[in-house]
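As the structure lists them, so they are numbered: ligands from 1, and atoms in each ligand from 1. Residues: numbered from 1 along the sequence shown.
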Amino acid sequence: MTDSLSLAALGYGFVGEAHANALARLPQFFPDAPAVSHDVLVGREEDAARAAADRFGFDRVETDWRDAVADADVFLNLGPNHVHVEPTVAALDAGVHVLCEKPLAPTVDGAERVAEAAEASDATAGVGFNYRFLPAVQYASELLASGDLGAVRHARFQYLQDWLVDDDAPWTWRHDAERAGAGALGDLGAHSVDLARFLVGDLTRVSGHLATFTEERVPDDGDDPRPVTVDDAFTAQAAFESGALGTFEASRCAPGRKNGHTVQIDASDGALAFDLQRPNELDVKWPDSRGFETVLVTEETDPYGEHWWPPGHVLGWEHSVVHQDYEFLSAVADGRRHAPSVQDGLRVQRVLAAVEESDERGELVSV
Ligand code: SOE
């Protein structure tokens, strides 16, 4: 391996920008992170890709991923869901390390193809479930693993956004089943199911309900309404292998909720609660406290604490991506596996598919 890892990235929208920011932070705050050279940014619209490449510091732009991925050391697949599978499989087949954004694929079949390619490759492969890397979420995981709160009985996950409350909100690729796979279920539910697996363990069966409240929307660039073929919201009940019970809910039609992701875990000797809109805090009901105490997770000894500011000088959403990219690139440099792996991405996809199947059949579905 050369001194710096040559990087190809696909996508320069919101998520592309979040990773560009993360990579820019690493040399200053994580000096032991492997060096990266920003070689090529892939995007279909050449002018827009060039403008993004100039801002993010990439040397070159390609409009076809086939001209970029196989020559890199590392490929970040940050494109929309329908371009997750082909470029990721091609990169893994060429021995290139890949971090692919969530959901791993629009369908279980696609996710299986990626997982098979990863198993056949020596490269490190990961999926972008960034919320695992928030200090408070890591702390919650350590607390549950320590056994101090006892055995988990209930796990509740809610992920609420409001950008589709209005029927006039425009149609985008996110409303198209072919390109997105699913709606709130795949986009938001994927994060919740990943945190459920990370904090509590695997799920065994689910029952789910999906709803699409607005059946068609008008795209920004045209007059003709297009059908919305994905869900606006879902709810699901689940059972974990451990015997714990789970509930999941996500919506893009929750007025006033911008990006509200909440987790509550009730265990036999205590409980904990996390809210993404208060990312530096974990509410903990200790075995010997009367109610919940709010723990500020910003000490030097807390996960990633030593890399940043003095205690109380809080972190935000972007830091989850910085930590994730640090862990992924470190795994690449050390020749290790990364967690969450693409196998984790596949398992999440199977849960999401089971929720959809349960809604269609009106029955409980095994995962
Ligand atoms: C969708 O609105 C979205 O941007 C997701 O795609 C992200 O994964 C989530 O973190 C925030 O919301």
- With ring centroids as reference points, do Tyr131 and His261 lie under 6.0 angstrom apart? yes

- Task: Give the contacting part of Asn259 toward ligand 1: side chain, backbone, both or neither, where contact means a heavy-atom distance below 4.0 Å.
- Result: side chain

- Query: If you measure from each non-hydrogen atom of Arg252 to ligand 1, which part falls under 4.0 Å: side chain, backbone, both or neither?
  - Reply: neither

- Return the residue, atom name and 0.1 Å-rounded distance of the protein heavy atom closest to atom 12 (O) of ligand 1. Gln161 NE2, 2.9 Å

- Item | Proximity to ligand 1 by part of Arg174, non-hydrogen separation under 4.0 Å | side chain

- Just checking, is any N or O donor in the side chain of His19 or Glu101 under 3.5 Å from an acceptor N or O on the other one? yes

- Can you tell me which residue and heavy atom of the protein come closest to atom 4 (O) of ligand 1, and the distance to 0.1 Å? Phe14 CE2, 3.2 Å

- Task: Check the side chains of Asp167 and Thr214 for a donor-acceptor pair under 3.5 angstrom, ignoring hydrogens and angles.
- Result: yes

- Query: How far is atom 10 (O) of ligand 1 from its nearest protein heavy atom, and which residue and atom name does that atom have?
  - Reply: Tyr131 OH, 2.5 Å

- Region of Tyr159 engaging ligand 1 - heavy atom pairs below 4.0 Å: side chain

- Salt bridge check: are Lys285 and Asp266 linked by an N-O gap of less than 4.0 Å? no

- Item | Distance from atom 1 (C) of ligand 1 to nearest protein heavy atom, with residue and atom | Asp187 OD2, 2.8 Å

- Does the ring center of Trp308 lie less than 6.0 Å from the ring center of Tyr326? no

